[in-house]
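For reference, the structure discussed in these notes is given below.
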Amino acid sequence: MRSIVVVGGGISGLAAAYCIRKYARDNGDDINVILVERERRLGGKILTENTNGFIIEGGPDSVISTKENFLEFCKEIGIDKSIAFQKPGSSGASIFINGGIKDLPKGMSIGVPTKIAPMAKSSIISPLGKARAFLEIAIPRGKDGNESVKAFIKRRFGSEVYYKIAEPLVSGIAAGDPKFTSLRQVFPTLAEMEDAHRSLILAARRNRKIANGNGTGTQSPFITFGNGMQELVHALIGYIGKKNIMTSKAITQVTAEGKGSGKKYVIEFDKGKRIRATAIVFATPAFVTADLLSGFDGISGILRKIPYVSLATVSLAYKNKDIKGSIKGSGFLIPHIENRQMNAVTWSSLKWDNRAPQESLLLRSYFNNSYSIDKPLPNSSQLINIAREELRAMAGISAAPLLEIAYIWHKGMPQYTTNHSTIIKEVDKWASDNPGIFMTGAWRNGTGVPSCISSAITEAKKAIDYVNTSD
Ligand SMILES: Cc1cc2nc3c(=O)[nH]c(=O)nc-3n(C[C@H](O)[C@H](O)[C@H](O)COP(=O)(O)OP(=O)(O)OC[C@H]3O[C@@H](n4cnc5c(N)ncnc54)[C@H](O)[C@@H]3O)c2cc1C
């Protein structure tokens with residue numbers, strides 16, 4: 001029987017296995033799919049916990065709904081009715097700067113200010129910094145097609161806007177040091193705005209006109225689900241079927257045996273067990289796939305070129321009456337120049353309905369080691385203490401929390417550095433020379449959940465074509 005093994009039960013592996021099962025069902029085909037996950041739990045970075053009436057996310061808490069036909073995918077898997085939009089009035093973010101939390105100027109677009117009047121009124125940037133930022137309208141297009149995010153924003157808006165406003169936003173989104181982050185890979189919209197309109201301020205003005213003309217543009221594109229991100233995972237597990245899923249099984253090595261149409265992949269588990277498959281889809285982090293494919297020439301070294309940053313989130317809950325300071329908007333960001341350990345805070349229960357019982361506040365704070373990638377993050381209890389101390393110092397929250405929980409993701413986020421597209425070309429070349437092995441995951445075509453799903457489906461379709469033509 002033709003079979004495809006999918007390695008890794010995060011959203012990428014679940015989406016790949018779903019696509020193969022759907023193809024088999026829709027076409028009455030007997031392709032067998034087996035999803036193998038190392039942990040007991042499926043979902044990988046998607047981890048939702050329901051505790052004492054709180055819905056706590058350890059990994060992603062929302063997705064950009066406008067990406068990769070994500071809404072259509074939700075409909076296809078039957079969870080569109082559960083989609084939850086950001087609460088009205090919770091869209092404004094703030095920034096911790098010079099000892100206080102200040103509102104970001106209105107009109108920010110992916111980390112850069114695109115409206116002159118709100119910027120002119122903002123007290124975050126000095127008069128000189130504002131004058132430099134407004135010169136953006138006259139700055140010519142860049143010539144470096146492989147620019148980093150930091151170089152791009154400093155070139156267009158100047159240093160002050162970069163360090164005080166843009167850096168915490170872009171480094172938060174990419175969870176990486178913007179000095180190395182590829183503009184075109186991670187923020188293609190900014191690059192496209194410059195390509196098409198030269199100035200980002202002018203581009204945003206023109207785009208706003210179009211959005212206003214359509215009557216769109218006010219609703220935040222971020223969405224989640226009524227019971228949290230786990231709904232996505234549960235729906236996919238339901239479709240794939242438990243009999244096609246193996247959990248608590250770590251794959252240790254993959255080898256090939258036979259040639260031509262008789263070629264099979266041998267998948268070995270930690271306790272010496274093996275299974276054979278016609279094709280294999282890796283949906284594991286790049287460094288894990290590198291280890292599993294170490295028996296094949298050439299690929300491990302390519303995959304290991306992708307650096308990974310560690311991340312952590314600390315969720316804390318309080319009684320509303322214990323919160324003294326002003327808590328509004330979606331949260332606040334902390335620029336690197338403030339020399340704090342925490343990167344950002346989201347007021348989760350202000351941003352999303354149903355996250356906390358009445359009269360209480362759920363928040364989560366973020367940490368990463370993107371500026372010192374070789375230094376591990378503190379452990380859970382240290383992170384909780386740091387988060388509590390930083391919240392006391394920055395937001396005046398000193399009460400004892402009702403709940404405290406940390407999630408640490410060691411090497412949890414791939415970095416799309418300025419040589420990423422070259423690495424992916426090398427991966428593609430290797431894959432075309434080694435038919436039957438397919439690779440996907442957050443390192444392939446974007447780290448966001450919609451991008452992981454779309455990349456996994458692309459690779460799963462290639463695997464289906466391969467098994468159909470290799471008989
Ligand atoms: C803290 C945090 C916040 C985030 N926030 C957002 C957000 O708000 N919105 C958004 O869109 N994205 C967000 N992301 C990014 C997004 O969650 C991830 O990129 C995505 O979930 C990765 O999915 P994946 O399936 O590619 O990898 P993973 O989720 O890492 O899954 C890989 C799986 O492979 C398994 N595995 C590893 N080794 C083996 C082995 N040897 N054998 C078998 N199985 C193995 C692992 O156990 C794991 O389950 C966030 C990520 C983090 C860490």
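- Ser182 places a side-chain N or O within 3.5 Å of a backbone atom of Gln185 that can act as its donor or acceptor partner.
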Would Ile56 and Thr313 satisfy side-chain contact (heavy atoms from CB on, under 4.5 Å), going step by step from the backbone distance to the final call? CA-CA 10 Å; Ile56 300 163; Thr313 60; over 6 Å; no

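- We find the CD1-CD1 distance between Ile20 and Ile457 to be 10.5 Å, quoted to the nearest 0.5 Å.
- Under the ring-ring contact (aromatic ring centres under 6.0 Å, His included) criterion, the residue pairs touching residues 270-316 are Phe287-Tyr308, with sequence neighbours excluded.
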What do the steps show when you test Gln86 against Trp352 for side-chain contact (heavy atoms from CB on, under 4.5 Å), and what is the final call? CA-CA 5 Å; Gln86 208 174 314; Trp352 309 107; 4.0 Å; yes

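- Put simply, OG on Ser94 and CD1 on Ile334 are 11.5 Å apart, with the number rounded to the nearest 0.5 Å.
- When side chains are defined from C-beta on, Thr458 does not count as touching Thr440, because their heavy atoms never get closer than 4.5 Å.
- Across Ser300 and Ser294, no two heavy atoms sit closer than the pair OG-CA, 3.4 Å.
- A side-chain donor-acceptor contact under 3.5 Å links Glu37 to the backbone of Glu39.
- Using modelled atom types, one finds no donor on one side chain facing an acceptor on the other under 3.5 Å when comparing Tyr466 with Thr278.
- Under a 3.5 Å cut-off, the side chain of Ser65 and the backbone N or O of Pro221 do form a donor-acceptor pair.
- Judged by distance alone, with hydrogens and angles left aside, the side-chain atoms of Asn343 form a donor-acceptor pair with the main-chain N or O of Asn368 at under 3.5 Å.
- Note that CD of Gln230 is 10.5 Å distant from CZ of Arg41, once rounded to the nearest 0.5 Å.
- Here the side chains of Phe152 and Asp144 are not in contact, with every heavy-atom distance at 4.5 Å or above.
- The shortest side-chain heavy-atom distance between Ile77 and Leu232 falls under the 4.5 Å cut-off.
- Pairs engaging residues 166-193 under the ring-ring contact (aromatic ring centres under 6.0 Å, His included) rule: none recorded [sequence neighbours left out].
- For the pair Ile306 and Gln415, the tightest heavy-atom approach, listed with the atom from each and the gap, is CG2-O, 4.0 Å.
- A side-chain donor from one of Thr284 and Thr289 sits under 3.5 Å from a side-chain acceptor of the other.
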Before you tell me yes or no, could you show the steps for Ile251 and Lys249 under side-chain contact (heavy atoms from CB on, under 4.5 Å), namely the whole-Å CA-CA distance, both residues' side-chain angles and the distance that decides it to 0.1 Å? CA-CA 6 Å; Ile251 290 179; Lys249 297 272 183 299; over 6 Å; no

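- Of the possible polar contacts, none joining the Ser455 side chain to the Cys452 backbone as a donor-acceptor pair under 3.5 Å is found.
- For Lys462, the NZ atom sits in a packed shell: over 12 heavy atoms of surrounding residues, nucleotides or ligands are nearer than 6.0 Å.
- In Lys87, the NZ atom is crowded: over 12 heavy atoms of neighbouring residues, nucleotides or ligands sit closer than 6.0 Å.
- Taking SG of Cys74 as the start and CG of Asp80 as the end, the distance is 7.0 Å to the nearest 0.5 Å.
- Contact annotation: the side chain of Thr224 never approaches that of Asp61 to less than 4.5 Å [non-hydrogen atoms, C-beta and beyond].
- A donor-acceptor pair under 3.5 Å links the side-chain atoms of Ser171 to the main chain of Glu167, judged by distance alone.
- At least one donor-acceptor pair closer than 3.5 Å links the side chain of Tyr416 to the backbone N or O of Arg444.
- Using a 4.5 Å cut-off on side-chain heavy atoms (C-beta onward), Glu338 and Met394 make no contact.
- Side-chain contact of Ser454 with Glu68: a donor-acceptor pair under 3.5 Å is present, judged by distance alone.
- Within 6.0 Å of NZ on Lys179 lie no more than 12 heavy atoms contributed by other residues, nucleotides or ligands.
- Counting only distance, with no hydrogens or angles, the side chain of Asn379 and the backbone of Gln382 share a donor-acceptor pair below 3.5 Å.
- Residues Ser365 and Val345 form a side-chain contact, since some pair of their non-hydrogen atoms from C-beta on lies under 4.5 Å apart.
- Minimum interatomic distance between Pro378 and Ile408 (heavy atoms only, all atoms of both residues): O-CD1, 3.5 Å.
- Within the 3.5 Å criterion, the main-chain N or O of Lys150 finds no donor-acceptor partner in the side chain of Tyr162.
- Across Leu362 and Ala317, no two heavy atoms sit closer than the pair CD1-CB, 4.2 Å.
- Under the salt bridge (Lys or Arg N to Asp or Glu O under 4.0 Å) criterion, Arg274 pairs with Glu268, not counting sequence neighbours.
- With sequence neighbours left out, Ala250 forms a side chain to side chain contact (heavy atoms under 4.5 Å, CB included) with Arg38, Asp270.
- When all heavy atoms are compared, the tightest approach of Glu390 to Gln341 is OE2-N, 2.9 Å.
- Within a 6.0 Å radius of NZ in Lys429, other residues, nucleotides and ligands contribute 12 heavy atoms or fewer.
- Note that the CD1 atom of Ile64 and the CZ atom of Phe222 stand 4.0 Å from one another [nearest 0.5 Å].
- Proximity of Asn32 to Asn244: side-chain heavy atoms (C-beta onward) are separated by under 4.5 Å at one or more points.
- With a 6.0 Å radius and a threshold of 12 heavy atoms from other residues, nucleotides or ligands, Arg40 has its CZ atom at or below the threshold.
- For residues 229-253, every residue pair satisfying the ring-ring contact (aromatic ring centres under 6.0 Å, His included) rule, not counting sequence neighbours, is listed here: Tyr18-Tyr239.
- Among residues two or more places apart in sequence or in another chain, the salt bridge (Lys or Arg N to Asp or Glu O under 4.0 Å) test is passed with Glu192 by none.
- Surrounding NZ of Lys106 are at most 12 heavy atoms belonging to other residues, nucleotides or ligands under 6.0 Å away.
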Would Ile424 and His420 satisfy side-chain contact (heavy atoms from CB on, under 4.5 Å), going step by step from the backbone distance to the final call? CA-CA 6 Å; Ile424 296 303; His420 195 78; 3.5 Å; yes

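- Contact between Leu35 and Gly8 at its shortest, heavy atoms only, is CD1-O, 3.3 Å.
- Taken to the nearest 0.5 Å, the CD1 atom of Ile397 stands 12.5 Å off from the CD atom of Glu389.
- Side-chain atoms of Ser310 come within 3.5 Å of backbone N or O of Lys411 as a donor-acceptor pair.
- Side-chain contact check for Val112 versus Thr114: some heavy-atom pair is nearer than 4.5 Å.
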